[in-house]
Amino acid sequence: MYELKPMSKEAIPKALEKADRYRLLGEPAEAESICIDILVADPGNQRALRTRILALSDQFGHPKFSVGHDRCEELLSGLRDDYERTYYTGVVCERRAKAASNVHSSSVAYEWLVDAMDWYEKAAELRPAGNDDALLRWNTCARILMNNPQLQPRDEERAPQYLE
């Protein structure tokens, strides 16, 4: 087994920039690894926690780097701010929907999108003034549902044709 090398607290700001860059380059496993090192050096670092959540959810739908979904929930609970915890829960649900659309039935993707929208609505109630991120994400999910008619709830959840 390898003994991991600890990073210094002074290196955290540059490491956070590097983690963001790796995410933008489509290398989420590398970004996640950097965030783990930052969180070892500074366990309460909220930016590293948010970036790790995003890096984990970047990996949804990629079997080579797939991760367990329970890890995201565990990390989400570490976010101290109610708005951020609610908003990022929506982001994770939305990303699960997008990953599910490639692997599972369209009803699974539909359910995750609806869950994401519910979280975004809750986040919108908690949002700070001038921050409409949750509303923008809700609108994106709504547009996905409106423009992709194959995304439907499971048959047992749909109303019978004669009731529509």
Side-chain angles (χ1 to χ4, degrees), residues 1-104 108-109 112-113 115-124 126-145 147-148:
M1 190 56 95
Y2 296 97
E3 186 174 329
L4 299 173
K5 300 177 185 328
M7 71 178 300
S8 65
K9 286 191 176 191
E10 296 79 27
I12 289 175
K14 285 186 179 181
L16 285 165
E17 290 175 19
K18 190 174 296 283
D20 289 338
R21 199 169 315 119
Y22 276 124
R23 284 196 60 241
L24 291 173
L25 291 171
E27 297 181 354
E30 291 79 359
E32 180 189 4
S33 180
I34 291 169
C35 290
I36 292 169
D37 290 332
I38 294 168
L39 290 165
V40 167
D42 181 10
N45 191 301
Q46 295 292 285
R47 182 172 168 199
L49 190 56
R50 286 189 305 269
T51 303
R52 185 172 180 207
I53 290 166
L54 293 172
L56 280 170
S57 64
D58 287 340
Q59 298 174 65
F60 291 165
H62 300 282
K64 184 175 179 186
F65 296 110
S66 171
V67 296
H69 297 296
D70 58 325
R71 291 177 60 197
C72 275
E73 274 76 26
E74 177 184 315
L75 295 173
L76 287 163
S77 69
L79 291 173
R80 293 184 200 119
D81 182 78
D82 288 338
Y83 165 76
E84 285 191 352
R85 192 172 39 259
T86 306
Y87 174 77
Y88 284 102
T89 299
V91 170
V92 168
C93 291
E94 182 181 346
R95 289 176 170 206
R96 285 184 180 163
K98 291 172 181 174
S101 69
N102 296 325
V103 179
H104 300 290
V108 173
W112 280 119
L113 282 169
D115 284 348
M117 292 170 76
D118 289 344
W119 283 107
Y120 292 144
E121 282 185 347
K122 292 174 189 171
L126 301 170
R127 75 185 186 272
N131 182 340
D132 285 346
D133 291 353
L135 300 175
L136 298 172
R137 295 300 289 248
W138 189 96
N139 287 347
T140 297
C141 292
R143 286 184 178 104
I144 290 170
L145 290 172
N147 291 306
N148 293 279

| message | Suppose we screen for ring-ring contact (aromatic ring centres under 6.0 Å, His included). Which residues come up paired with Tyr83, at least two apart in sequence or across chains? | response | Tyr87

| request: First locate atom CE of Met7, then atom CD1 of Ile36, and finally report the distance between them rounded to the nearest 0.5 Å. | output: 12.5 Å

| Who pairs with Asp132 by side-chain hydrogen bond (donor to acceptor under 3.5 Å, both in side chains), at least two apart in sequence or on another chain? | Arg127

| request: Starting at CD of Glu17, measure out to CD1 of Ile34 and round the result to the nearest 0.5 Å. | output: 11.5 Å

| remark: side chain to side chain contact (heavy atoms under 4.5 Å, CB included) filter on Ser77, not counting sequence neighbours, yields none

| request: Only counting residues at least two apart or in another chain, list the ones meeting side chain to side chain contact (heavy atoms under 4.5 Å, CB included) with Arg85. | output: Leu79, Asp82

| note | Scanning both residues in full, the closest heavy-atom pair of Cys141 with Tyr120 reads SG-CE1, 3.9 Å

| query | Can you list the residues that meet the side-chain hydrogen bond (donor to acceptor under 3.5 Å, both in side chains) rule with Asn139, with sequence neighbours excluded? | reply | none

| task | Salt-bridge test for Arg137 and Glu121: reply yes if a basic N is under 4.0 Å from a carboxylate O, no otherwise. | result | no

| In chain order, what residues pass the salt bridge (Lys or Arg N to Asp or Glu O under 4.0 Å) check against Asp58, with sequence neighbours excluded? | Arg23, Arg95

| field | pair Asp115-Trp112: side-chain heavy atoms closer than 4.5 Å | value | yes

List, one per line, each side-chain donor-acceptor pair under 3.5 Å for residues 44-54, sequence neighbours excluded.
from	atom 1	to	atom 2	distance (Å)
Asn45	OD1	Arg47	N	3.2
Asn45	OD1	Ala48	N	2.9
Asn45	ND2	Asp42	OD2	3.3
Gln46	OE1	Arg80	N	3.0
Gln46	NE2	Gly44	O	3.3
Gln46	NE2	Gly78	O	3.4
Arg47	NH2	Asp20	OD2	2.5
Arg50	NH1	Glu84	OE1	3.0
Arg50	NH1	Glu84	OE2	3.3
Thr51	OG1	Arg47	O	2.9

| task | Not counting sequence neighbours, list each pair that qualifies as a salt bridge (charged side-chain N to carboxylate O under 4.0 Å, His left out) and has a residue in residues 1-10. | result | none

| task | Return the set of residues passing side chain to side chain contact (heavy atoms under 4.5 Å, CB included) with Ser33 (not counting sequence neighbours), or none when no residue passes. | result | Asp37

